[in-house]
Amino acid sequence: MKNYAQTLNLPKTDFPMKADLPSREPSILKKWEGLYEKIKEARKGKPLFILHDGPPYANGHIHIGHALNKVLKDVIIKYWLLRGYHIDYVPGWDCHGLPIEQQVEKELKAQKKSKEELGKVVFRRLCKDYAKRFVEVQKEEFIRLGILGDWEKPYLTMDPAYQAQEVRELGRVFKAGLVVRSKKPVYWCIYDKTAEAEAEVEYYEKEDPSIYVKFPLTKEENTYLVIWTTTPWTLPANLGVMVGEDYEYVFLKTDTETYVLAKALLESFEKTTGIKGEVIKEVKGKELVGLEYKSPYGGTNKVYPSEFVELSTGTGLVHMAPGHGREDYIVGLRYGLEPYAPVDEEGRFVEPAPEFIRGKRVFEANPLIIQDLKERALLLWEGKIKHSYPHCWRCKNPVIFRATPQWFISMDIPHEGKTLRERALEEIQKVKWIPPYGKNRIASMVENRPDWCISRQRYWGVPITVFYCKNCGHVVAEEEVFERVAQLIEDSSEGADIWFEKSEKELLPEGYRCPVCGSEDFKKEEDILDVWFDSGSSHAFVLRKRGIQKADLYLEGSDQHRGWFQASLLESVASYKEAPYKAVLTHGFTVDEQGRKMSKSLGNVVSPQEVISKYGADLLRLWVVSEDYTEDIRLGKNILQRLVEDYKKIRNTIRFLLGNLYDFKPSDAIPFERLHHFDRWVLSYLQELLEKVHRHYEAYEFHRVYHLVRNFCSVELSSLYLDVLKDRLYVYAPGSFERRSAQTALFELAKVLITVVAPFLSFTAEEAWEHLRTIDQNLPESVFLYEMPLPSEEKRDEGLLRDYEKLIKIREDAYRAIELLRKEKEVNHPYEAKVYVWGNKELIELLEKYGDYLNYLLSVSKVELSEGGKHRVSSEYFEGLYAGAERVEGKKCPRCWLYYEEKEFEGEVCRRCAKALEERAVQV
RNA sequence: GGGCCUCUAGCUCAGUUGGUUAGAGCGUGCCCCUGAUAAGGGCAAGGUCGGUGGUUCAAGUCCACCGAGGCCCA
């Protein structure tokens, strides 16, 4: 018998089944070089979509969280791009700040050098080099992920132009009168005489005094508040006592005196001190609030409520020194207490501290104070305690909390009728938060946050460019002075380094005199800005300066409600009275397959580099889009394995489409109305799909797009449409209506499928696009220069959709009947079966309508609309409908494999094939 | 310890305003095909909705508490 396979139109394509992404993707990246610029050119004048990039910190390689974040952004940008929008995506980096400073210092230490020796300017240069190095590293890594953006001109917070804009922003906030100078306790090393950041201190065991002290109440005879402390030296700075409002407190009466302390700590107090007494009264903490007592070193102070009081140690009454403790400071701020700290930079007591400790260092003062308390009968008990205590990371000595002057942006000073807090809260209401609870989260943070401390006593950052008049102390913060300095920074290749290089005279406008006293003698501020002010002003440099008022979208992890979203909001509202964004989208964090956070110690970290080298960036991108990012996002081996399967399905579906289009030209296309009804059905279905796809993309619900596409490929296409279509594609002559009609649909399907997945499977879509272009040379060179089709009413036949919905269900019923035959080995391939359908009149009429195509639709050789079949089943879906199946009679056509009666043959093959062979001979 | 959030089959997700036997795809098992072939197809088995207790004629869907986990703060 002849080899009939050669007379069939079997699929042919160079689009390989094996993706081999890790080695193929780099060549696609090569093709994309310059693509961003071409897109900008092509989309000029189109409506703009602005996603403003939050800058990652330029330190280390990217991790999976970075990848998640950037891919999400990329999907959104590419979607709007494929919708015909103009995009403008400028990636950025956060370059200043402590981690880099510490890293550089570590490197210096290895060379036995210190930053003090080198001086600010040289040290800053080293930091700049360090940041630059990692900007390059991360840039390469982001590009490898397939992220589309202006990688030629990203924004760096250390660029002179950026720094200059930031200085101008600071000037605006000063001008609005929102910047104030006041004291705040910071970690302080009394040996290095420097402030330390939280991240810098190291915790070691330290032995300290442990004492119970009594504070006599002013209005109740012989009654004392009992406090416990390990830092007696802070008692001279005592300004209050904190209680937990909801805790229970007792009045403990001994033979001579009455003590107030928390009920929960009574037992441990009695045990430690040996003091015994009788509880004569119990009260809630809130009833103690407002009581006055005599502070051991001066003044009458009060009891305040505080959320920081704990009942694990002490007495539940906490001695409060706002100048020497963070919580003390926060609570103190709330009640208008001074951050009082009579201690100089060497940790020595100064006036107005009591005379007997003046000049002594804080730790030396401890025993003196204890002795003094003892003499004044205020000490109840004295002991020692070993506990974990913060130490200086450089000299390893214990550090202290000490209030020092800092710059703040005030949340509560009214400016043109409203405070920053009020205005920010109003703006929050106008922004669209995705998911919605983000609004609540940031609003409650803004409602409760203290003033924004923007000064840091560090080296690597943007200077706070104000001057102090040496003569009268006036702070020079005029707009023209900020502008002058900004100009100098912008014009210098050294950027903000010039602030530290040049003298006051060089930095100030020529001949500048103090507006208060007329002096010409100034001293510049040495503090630098909080890095959150750097990134918080990115909107000014990246958007406003380039004529864009607001971003359409900010998109970061949910931790940025406290971080970048808030810093940007406050900076923008302070400067421009409005939010810098119209919408804010947040995503969750990556966790492992058990939902646990990724950590080195758990050994469950998955790196993007690892995924890329093993599976390719498209797999990582598919992962991003497959999960609901509003919650925690899981990642692990099994999930990746499933994604590999999903990827193959989508890829092979596209491959099959392309494979059957090798002889098709767009001019062969048949108009929708004249297409075969099955092809009209699939295109109608496609319009429904498109409608949902667009809806979900617009709502940023990518996992719904993913499920839609995945199911479409496997359910409607692979197992139904394409499977049934094979007969028509392979058997009929190349130029026949049957084949051309099918190809018309396949071409449409390919275009839609490729563009729909392009935002996430960018590499694969581009690769497939190359093949599609060999079919239609009019297509643009990149899929990203094309547009994703919109659902079209003209290509949607409602009646067909309704009919097919039923036909598909009947198909399932028939398959259950065939399955029974298969179990008995009566048939193997469905072609060996004959199907009967009967019963329900309405449905039988429907089936008659599609009569001559029914057997193809069911992939069987014959269908009869009457009762019959060896095995019979009742419909799973329809009342009174039945399906039966039996082995078909007749002979298999060696060409099309369907079974026919002897008389339906013409020679070796069936009549249909004979005709096709004839036509084929003419066409080929 | 506080604020915000999550918890539906092995995995990823659906489940309008509370209302019939909780859905899909994948994976799994069994089977078929060998003309998408390191592909394709068919059938089937899997959850009582994190737990407990309420509200209700009726709860995965509302309330309370507990548990596991995440982010932020302390």
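Please read all numbers here as calculations on a predicted model, not as lab measurements. Letters A, B, ... mirror the listed sequences (proteins, then strands); counts begin at 1.
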Face-to-face contact A:W897 to B:G35 six-ring, under 5.5 Å, under 30°
yes
OP1 or OP2 of B:G40 under 4.0 Å from side-chain N/O of A:K649:
yes
Per atom distances to the A:H703 side chain, the nearest of B:G42, B:G40, B:A14 is B:A14
What is the separation between atom NZ on A:K726 and atom C1' on B:C32, rounded to the nearest whole Å?
13 Å
Please classify the glycosidic conformation of B:G41 as syn (within 90° of 0) or anti (everything else).
anti
Give me the distance, rounded to whole Å, that separates B:A24 from B:G15 when you measure between the C1' atoms they each carry.
11 Å
Of the listed B:U12, B:A14, B:C43, the closest approach to the A:E819 side chain comes from B:C43
A:R710 and A:Y706: side chain donor to acceptor below 3.5 Å
no
Nucleotide nearest A:M17 (side chain, heavy atoms from C-beta), chosen from B:A39, B:C26, B:U34:
B:A39
Checking all strands, does A:K648 fall into the base, sugar-phosphate, or nothing category for heavy-atom contacts under 4.0 angstrom?
sugar-phosphate
If I pick the P atom on B:U48 and the same atom on B:U6, what distance separates them, to the nearest angstrom?
23 Å
Would you please say whether a donor-acceptor pair under 3.5 Å links the side chains of A:R449 and A:Q566?
yes
A:E307 has an atom CD; how far is it from atom P of B:C73, in whole Å?
15 Å
Take atom C1' in B:G60 and the same atom in B:G51, then report the distance between them in whole Å.
14 Å
Is it the case that A:R704 places NZ or CZ above or below the six-membered ring of A:Y697, under 6.0 angstrom from the centre and within 45 degrees of the axis?
no
Expressed as a whole number of angstroms, how long is the span from A:I434:CD1 to B:C5:P?
17 Å
Can you measure A:W564 atom CH2 to B:C72 atom P for me and round it to whole angstrom units?
17 Å
Strictly by modelled atom types, are A:S861 and A:K834 linked by a side-chain donor-acceptor pair under 3.5 Å?
no
Side-chain atoms of A:N652 come closest, of B:G40, B:C26, B:G3, to B:G40
Indicate whether OP1 or OP2 belonging to B:U37 is found under 4.0 Å from a side-chain N or O atom of A:R655.
yes
Sugar-phosphate only, base, or nothing, as touched by A:L8 at under 4.0 Å among non-hydrogen atoms
base
Looking only at B:C26, B:C7, B:U12, the nucleotide nearest the A:S714 side chain is B:C26
Can we say A:K823 and A:E819 salt-bridge, meaning some charged N sits less than 4.0 Å from an Asp/Glu carboxylate O?
yes
In whole angstrom, what separates A:D559's CG from B:C71's C1'?
7 Å
Could you give the distance separating B:A36 and B:U17 at their P atoms, to the nearest angstrom?
46 Å
Verify the contact: side-chain N or O of A:K597 to OP1 or OP2 of B:G69, cut-off strictly under 4.0 Å; return yes or no.
no
Whole angstroms only, please: what is the CZ-P distance between A:R634 and B:C7?
11 Å
So, is A:S718 near the phosphate of B:G41, with a side-chain N or O under 4.0 Å from OP1 or OP2?
yes
Considering only atom P, compute the distance from B:A45 to B:C7 and round it to an integer number of Å.
28 Å
Among residues 822-830 of chain A, which ones have heavy-atom contacts with RNA chain B below 4.0 Å?
A:R822, A:K825, A:N828, A:H829
No-hydrogen, no-angle side-chain donor-acceptor test under 3.5 Å, A:D530 and A:W452:
yes
B:G15 P sits how many Å from A:E701 CD, rounded?
9 Å
How many angstroms lie between atom CG of A:N9 and atom CZ of A:R739, to the nearest 0.5 angstrom?
4.0 Å
Looking at the rings of A:F401 and A:H324, which for Trp means the six-membered one, are their centres under 6.0 Å apart?
no
Which nucleotide in B:U37, B:G41, B:G35 has an atom nearest any side-chain atom of A:Y730
B:G35
Say you pick atom P in B:G70 and the same atom in B:A44; how far apart are they, in whole Å?
41 Å
Rounded to whole Å, NZ of A:K439 lies from C1' of B:C72 at a distance of 20 Å
Any chance the rings of A:Y721 and A:F678 have centres within less than 6.0 Å?
yes
Within the pair A:R642 and B:G27, is there a side-chain N or O less than 4.0 Å away from OP1 or OP2?
no
N/O (side chain, A:S558) to phosphate O (OP1/OP2, B:C5) under 4.0 Å
no
Could you give the distance separating B:G23 and B:A14 at their C1' atoms, to the nearest angstrom?
7 Å
Provide the distance between the two P atoms, one in B:U34 and one in B:U8, to the nearest whole Å.
43 Å
Less than 6.0 Å separating the ring centroids of A:Y203 and A:Y389?
no
A:T774 and A:Y662: side-chain donor and acceptor closer than 3.5 Å?
no
Each stem that RNA chain B is part of, given as range with range (3 or more consecutive Watson-Crick or G-U pairs, under 3.5 Å)
B:1-7 with B:67-73, B:10-13 with B:23-26, B:28-32 with B:40-44, B:50-54 with B:62-66
Whichever of A:F656 and A:E627 has its nearest RNA chain B nucleotide further upstream toward 5'
A:E627
So, do A:Y899 and A:Y831 have ring centers that fall under 6.0 Å from each other?
no
Residue A:R326, side-chain heavy atoms: nucleotide from B:A74, B:G70, B:A36 that is nearest:
B:A74
Residue A:D628, side-chain atoms from C-beta onward, closest of B:G70, B:G3, B:C13
B:C13
Checking A:Y554 against A:Q560: is there a side-chain donor and acceptor pair closer than 3.5 Å?
no
With salt bridge (charged side-chain N to carboxylate O under 4.0 Å, His left out) as the criterion, how do A:R642 and A:D646 come out once you've worked through the C-alpha distance, each side chain's angles and the decisive distance to 0.1 Å?
CA-CA 6 Å; A:R642 180 178 52 77; A:D646 289 348; 3.3 Å; yes
Nearest to side-chain heavy atoms of A:M445, which nucleotide of B:G41, B:C72, B:G70
B:C72
Closest to side chain of A:H707, choosing from B:A24, B:G35, B:G70:
B:A24
Look at all strands and tell whether A:G595 reaches a base, only sugar-phosphate, or nothing, counting heavy atoms closer than 4.0 Å.
sugar-phosphate
Over all strands shown, is A:R441 touching base, sugar-phosphate only, or nothing at heavy-atom distances under 4.0 angstrom?
base
Starting at the 5' end of RNA chain B, which residue's closest nucleotide do you reach first, A:E631 or A:E327?
A:E631
So what does A:R895 touch, heavy atoms closer than 4.0 Å: a base, only the sugar-phosphate, or nothing?
base
